[in-house]
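Keep in mind that the numbers below use all heavy atoms, side chains included, and drop hydrogens, waters and symmetry copies. In what follows, chains carry the letters A, B, and so on, assigned in the order in which the sequence lines appear, proteins first and then strands, with residues in each chain numbered from 1.
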Amino acid sequence: MADSKALTTREADFSAWYNEVIMRAELADYSPVRGCMVIRPNGYAIWEQMQQALDRMFKDTGHQNAYFPLFIPQSFLSKEAEHVEGFAPELAVVTHGGGKELEEPLVVRPTSETIIYAMFSKWIQSYRDLPLLINQWANVVRWELRTRLFLRTTEFLWQEGHTAHATEAEAQDETLQILNLYRRFMEDWMAMPVVTGPKTDSEKFAGAIRTYSCEALMQDNRALQAGTSHALGQNFAKAFDVTFQTAEGGLDHVWSTSWGVSTRLVGGLIMTHGDDVGMVCPPRLAQWQVVIIPIWRKEEERDQTFAAAISLMGELRAAGIRVTADYRDMKPGAKYYEWEARGTPFRIELGPRDIAASSVMLARRLGGKESLPMAGLGDRLKTEMDTMQQGLLDQARARREAASLRNPASKEEFIAFIEKNGGFVYAGFCGDPAVEQEIKEQTKATIRCLPDPEFRSKTAPTTCIWTGRPAVVEALWARAY
RNA sequence: CGGGGCGUAGCGCAGUCCGGUAGCGCACUACCUUGGGGUGGUAGGGGUCGCGGGUUCAAAUCCCGCCGUCCCGACCA
């Protein structure tokens, strides 16, 4: 511990680096309850920005928010066979209430399909009630064996959409519309490029007929499942008797979908953009896009500087920039380190020299410091933010491509690449269980998804993070759409 | 549940082999100093050394038991 202020580098120990970034940026903390996370104000602010952006996108596509109970009767889970089988091992169960043992235990929701479809069956009578497009912002609990801050915690915050449709085609459109919405959010707001596509049967959601996911590649070259969208077919409709009268006068079960993203996205943001100084937050999701650091030597200078900072802050806020100022009595350098660790995109240093020259010193989180005239600063900052937002996306995409292998010539090349680099391998070995098993055992690689066409190699159709002969991929892919 | 590591101040750790006054860094409190990249100084607060038992004049240290926690495997938004 020669220098307790030095951050572990990503290169040296990614996991330790990740935890240190979270602690330094004061994003989250461990709680007294094992596996549960306390989200601190800085971390929650990022989640709030995400919520606002996503919520707007949901509303724009006709979805409405609602809220359903935290407790679900245990018997509800059992109504869908695959669903209960998938979630049983990770349920938290309430057996006592009001000092008495309950007649029927209540599970704390691991996801809300069951309670929501129980309600849908009361709400839906006619094809005129469809589609029913509902979203819920909520917390859920899954008793995972091993946890990591933001990425896999016992309790987490998320958004879960649940929709019911009259036809399979319409439900399928919804599933893909949301997948695309997620992708746009992750790329445009988080500057986190993703590969989209259907999951294999073994990886799909418990109870779904098809699962689509957004897969991102982190800086340790490991994949992160950032969001999922499920086509549930009529499975839950049949289990919960969600029927409607068709336009033709018949009776049918609805076709439903469900989809969600969680606070895991905050973890993804850290692992995508963070550097050896700490967090890097894309401007569009930053609580504070700009922080003003007043600098002074003497009392009279302080008053003058504070006044200038307040005035500048007012101007920038009027221009629609999220800006704050740090008036604390600390050395400027100490403040710089703190705001950099938090990931604040831009810092404005404002001292007597700048005020005299009607200029400011602008420092970018990604590096580079220059003196700019105070006039027109708002417009300049907006340009800077656009540049940074785009730069982060480009950088992340370039990193992903550098860590991707397309069309390995042999199983051996595939295994060697994964073992050496990790990353995404677009290849085609799935369909041969023996080879799949061998790769899994030797490399711990798994099939993330069967990439949508645009992500596949131009020379040959492939799948993401391992797969096989194009023909096999084509067959799986055809079945998924 | 299998294999391994660790429990000492809020955090990170030394001390344990070889028993003898409870330590260090960061953080915190007060004052002074400093202020365009973590300023320096002085003083200070904070511990049943994970829990229980045993050996001993004497246990953070040795012995036995228990508990907690972290990492690796099975699970995973």
Side-chain angles (χ1 to χ4, degrees), chain A residues 1-8 13 15-16 19-20 23-24 26 29-30 32-35 85-91 109-113 138-148 150-161 182 199 202-206 208 211-216 223-230 258-268 277-278 293-299 301-302 305 328-341 347-357 359-363 367 369 371 440-441 444 446 448:
Chain A
M1 278 265 143
D3 183 3
S4 66
K5 287 173 177 172
L7 192 69
T8 306
D13 184 342
S15 188
N19 283 324
E20 281 182 42
M23 292 303 160
R24 295 226 178 171
E26 299 185 329
D29 206 349
Y30 295 100
V33 180
R34 185 202 151 280
E85 192 185 329
F87 282 104
E90 52 192 60
L91 293 179
R109 62 182 167 217
T111 177
S112 304
E113 273 78 5
N139 57 337
V140 290
V141 167
R142 298 181 186 176
W143 217 262
E144 303 289 355
L145 296 175
R146 297 179 54 203
T147 60
R148 268 190 92 191
F150 285 116
L151 302 176
R152 194 187 310 109
T153 47
T154 300
E155 178 188 4
F156 56 94
L157 303 183
W158 76 347
Q159 138 303 289
E160 48 178 326
Y182 281 159
K199 287 277 192 187
S202 58
E203 298 279 327
K204 73 185 184 189
F205 176 74
T211 288
Y212 299 83
S213 76
C214 298
E215 299 287 335
L224 182 78
Q225 182 173 309
T228 49
S229 184
H230 314 289
S258 72
W259 27 276
V261 296
S262 72
T263 39
R264 166 179 278 192
L265 290 180
V266 178
V277 177
I293 310 285
I295 293 164
W296 70 93
R297 290 168 205 264
K298 306 169 196 153
E299 288 287 315
E301 281 181 357
R302 187 185 62 183
T305 315
R328 289 174 301 169
D329 187 11
M330 291 164 58
K331 288 272 286 186
K335 293 183 188 175
Y336 300 166
Y337 281 104
E338 199 171 294
W339 287 98
E340 282 167 8
R347 177 180 74 235
I348 287 175
E349 301 169 16
L350 187 61
R353 295 208 293 263
D354 307 291
I355 294 168
S359 67
V360 299
M361 188 63 79
L362 176 74
K369 204 163 154 174
S371 183
K440 196 166 183 176
E441 280 172 7
K444 292 176 188 164
T446 56
R448 306 304 304 191

Mind checking salt bridge (charged side-chain N to carboxylate O under 4.0 Å, His left out) for A/Arg302 and listing every partner two or more places apart, or none if nothing turns up?
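Expected list: A/Glu299.
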Closest nucleotide among [options] to the [X] side chain:
X	options	value
A/Thr153	B/G38, B/G37, B/A77	B/A77
A/Ser262	B/G37, B/A77, B/G36	B/A77
A/Met361	B/G36, B/A77, B/G37	B/G36

Figure out the [atom1]/[atom2] separation between [X] and [N], and round it to whole Å.
X	N	atom1	atom2	result
A/Asp29	B/G12	CG	P	11 Å
A/Tyr182	B/A77	OH	P	13 Å
A/Ile293	B/G38	CD1	C1'	13 Å
A/Asn19	B/C11	CG	C1'	14 Å
A/Lys199	B/A77	NZ	C1'	10 Å
A/Arg148	B/C71	CZ	C1'	12 Å
A/Glu349	B/G37	CD	P	7 Å
A/Lys335	B/G37	NZ	C1'	13 Å

Look up atom [atom1] in [X] and atom [atom2] in [Y], then write down how far apart they are to the nearest 0.5 Å.
X	Y	atom1	atom2	value
A/Tyr212	A/Phe205	OH	CZ	15.5 Å
A/Glu340	A/Arg347	CD	CZ	5.0 Å
A/His230	A/Trp259	NE2	CH2	11.5 Å
A/Lys369	A/Leu362	NZ	CG	10.5 Å

Atom pairs under 3.5 Å, N or O on each side, protein against nucleotides 74-76 of chain B: can you list them with distances?
| residue | atom | partner | partner atom | Å |
| --- | --- | --- | --- | --- |
| B/C75 | O2 | A/Glu144 | OE1 | 3.3 |
| B/C76 | O2' | A/Glu144 | OE2 | 3.3 |
| B/C76 | O2 | A/Arg152 | NE | 2.0 |
| B/C76 | O2 | A/Arg152 | NH2 | 3.2 |
| B/C76 | N3 | A/Arg152 | NE | 3.4 |
| B/C76 | N3 | A/Arg152 | NH2 | 3.2 |

Under 4.0 Å, heavy atoms only, any strand: does [X] hit a base, just the sugar-phosphate, or nothing?
X	answer
A/Thr154	nothing
A/Gly351	base
A/Glu155	nothing
A/Met23	nothing

Run A/Arg448 and A/Glu215 through salt bridge (charged side-chain N to carboxylate O under 4.0 Å, His left out) and show every step you take.
CA-CA 7 Å; A/Arg448 306 304 304 191; A/Glu215 299 287 335; 2.9 Å; yes
Contacts of type ring pair (Phe, Tyr, Trp, His ring centres under 6.0 Å), residue A/Phe156, not counting sequence neighbours
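Result, ring pair (Phe, Tyr, Trp, His ring centres under 6.0 Å) vs A/Phe156: A/Trp158.
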Could you pull out all residues at least two apart from A/Trp339 that satisfy ring pair (Phe, Tyr, Trp, His ring centres under 6.0 Å)?
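By the ring pair (Phe, Tyr, Trp, His ring centres under 6.0 Å) rule, A/Trp339 matches no residue at all.
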Once hydrogens and angles are ignored, does a donor-acceptor distance under 3.5 Å link the base of [N] to the side chain of [X]?
X	N	answer
A/Arg302	B/G35	no
A/Glu340	B/G37	yes
A/Arg353	B/G36	yes

For the [atom1] atoms, the ones on [N] and on [M], what distance do you get once it is rounded to whole angstrom?
N	M	atom1	answer
B/A60	B/U42	P	32 Å
B/C17	B/U34	P	50 Å
B/G46	B/C1	C1'	41 Å
B/C49	B/G5	P	25 Å
B/U29	B/G10	P	16 Å
B/C6	B/C13	C1'	12 Å
B/U39	B/G35	P	11 Å
B/G40	B/U48	P	32 Å

Could you tell me which nucleotide pairs with [N] by Watson-Crick or G-U wobble geometry, both distances under 3.5 Å, or answer none if nothing does?
N	answer
B/U39	none
B/C26	B/G10
B/G46	none
B/G65	B/C51
B/U56	none

Among residues at least two apart in sequence or on other chains, which ones pass side chain to side chain donor-acceptor pair (under 3.5 Å) with [X]?
X	result
A/Asp29	none
A/Trp296	none
A/Gln159	A/Asn135, A/Tyr182
A/Glu338	A/Arg328, A/Arg342

Enumerate all atom pairs, one protein N or O and one N or O from nucleotides 31-34 of chain B, separated by less than 3.5 Å.
none

Could you check whether A/Tyr337 and the base of B/G37 form a stacked pair, meaning centres closer than 5.5 Å and planes differing by less than 30°?
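No, A/Tyr337 does not stack on the base of B/G37.
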Toward the 5' end of RNA chain B, by each residue's nearest nucleotide, A/Trp158 or A/Gly35
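Mapping each residue to its closest nucleotide by heavy atoms, the 5'-most match is A/Gly35.
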